[in-house]
Amino acid sequence: MNSNPLKIFSGTSNQGLAVEIANYLGTNLSPVEIKRFKDAEISVKLNDNVRSSDVFIIQSTCNPANDNIMELLLMIDAALRASASRITAVIPYFGYARQDRKVEPRVPISAKVVSNIIQRTGADRVLTMDLHADQIQGFFDIPVDNLYASPIAIDYLKSLDLEDVVVVSPDAGGVDRARFLAKKLDTGLAIIDKRRPEANISAVMHVIGDVKDKNCILIDDIVDTGGSISKAAIALKEKGAKEVYCLFSHAVLSDNARDNLVKADFKEIIFTNSIPLKEDKSLDNMKVLSIAPLFGEAIRRIHNGESVSSLFI
Ligand code: R5P
């Protein structure tokens, strides 16, 4: 049992989720003032005593990623200088994660840069979900709990009671994720093999596995422009799929994502609220699953020094 008081603050990126997490924990968010100076610099003030407190700061580093990261850093610094006993950065969507290695000469490893600044500013631990690459945990030298949205998604998919289901990975890189879901749902697995015959020629999609007359569940971690997942859905339909569902953790949904998702004619588009859904991106066939109970429970256990491993199923 932790005798230090639990204090939860939220940045501006995903206040709806932060309120839900606080509700799960039977508490309120601690007040914080986040303003902009005239020149757009960010000003932060924690309006609650945090001396000797166990502080959790909730902030998804989604668009506008740079501002949201800066808010998070300033809140961590404010808590540190106000003598918090421990500071946990709660980052439901960890931005910059796709830049996790050098893919060509003279490029940064941006996920490492972001990890460095969060740690060096004063976070004692990080709580996040479905990191684009698991190895980002090792970019930190503090504990990182990387939760998975899959238990919530699995419960929902089971409730749909679908027959003749096959889980599909939209690319070779996502096979592990798709295989895990297929195992949990006790279904078959298919893979889309994307090949670009020549530069600037659109990729040819080969479907490996039997999808004819099946209900396909395409799974990815992030949908950004929606290009990858929508092209995959169209390829599945061409191969005779009955209905195509898509499931992803982080709804980045930039640019013309909405149009791409409409074109793909998904039966249902299922994702979490790690990033708030903007009204102009919303569609009738979208189903948003709340991760508040998952994060609330993880925070409760971290605060009380209990194991969180049963949440990693
Ligand atoms: C890439 O490695 C990710 O897992 C997603 O497949 C990618 O970010 C999706 O991007 P978009 O929606 O723009 O095709």
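The chain is numbered in sequence order, starting from 1. In listed order, ligands and their atoms are each counted from 1.
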Exercise. Within a reach of under 6.0 Å around CG of Asp39, are more than 12 heavy atoms found that belong to other residues, nucleotides or ligands?
Worked result: yes
Exercise. Take atom CZ in Arg36; do more than 12 heavy atoms of anything else shown fall under 6.0 Å from it?
Worked result: yes
Protein residue, atom and distance nearest to [atom], heavy-atom basis:
atom: atom 8 (O) of ligand 1; result: Arg98 NH1, 2.9 Å
atom: atom 9 (C) of ligand 1; result: Ile222 O, 3.5 Å
atom: atom 4 (O) of ligand 1; result: Asp221 OD1, 2.6 Å
atom: atom 6 (O) of ligand 1; result: Asp220 OD2, 2.6 Å
atom: atom 13 (O) of ligand 1; result: Thr225 OG1, 2.5 Å
atom: atom 14 (O) of ligand 1; result: Ser228 OG, 2.5 Å
atom: atom 2 (O) of ligand 1; result: His132 CE1, 3.1 Å

Exercise. Please walk me through it: do Lys7 and Asp54 pass salt bridge (Lys or Arg N to Asp or Glu O under 4.0 Å)?
Worked result: CA-CA 6 Å; Lys7 297 280 167 87; Asp54 191 17; over 6 Å; no
Problem set entry | Close-contact set for ligand 1 against Asp224 heavy atoms, below 4.0 Å | 10 (O), 11 (P), 12 (O), 13 (O)
For this session: Would you mind running through ligand 1 and noting each atom that sits below 4.0 Å from a heavy atom of Val223?
Result: 12 (O)
Problem set entry | Trace of the salt bridge (Lys or Arg N to Asp or Glu O under 4.0 Å) decision for Asp100 with Arg98 | CA-CA 5 Å; Asp100 61 336; Arg98 284 175 285 178; over 6 Å; no
Exercise. Does the N or O separation between Gly226 and ligand 1 drop below 3.5 Å for any pair?
Worked result: yes
Exercise. What class does the angle between the rings of Phe248 and Phe271 fall in, given that below 30° is parallel, 30 to 60° is tilted and above 60° is perpendicular?
Worked result: parallel
Exercise. Are Asp255 and Thr225 linked by a side-chain donor-acceptor pair shorter than 3.5 Å?
Worked result: no
For this session: Go through Asn146 and Asp134 one step at a time and tell me if the side-chain hydrogen bond (donor to acceptor under 3.5 Å, both in side chains) criterion holds.
Result: CA-CA 8 Å; Asn146 180 29; Asp134 283 338; 3.3 Å; yes
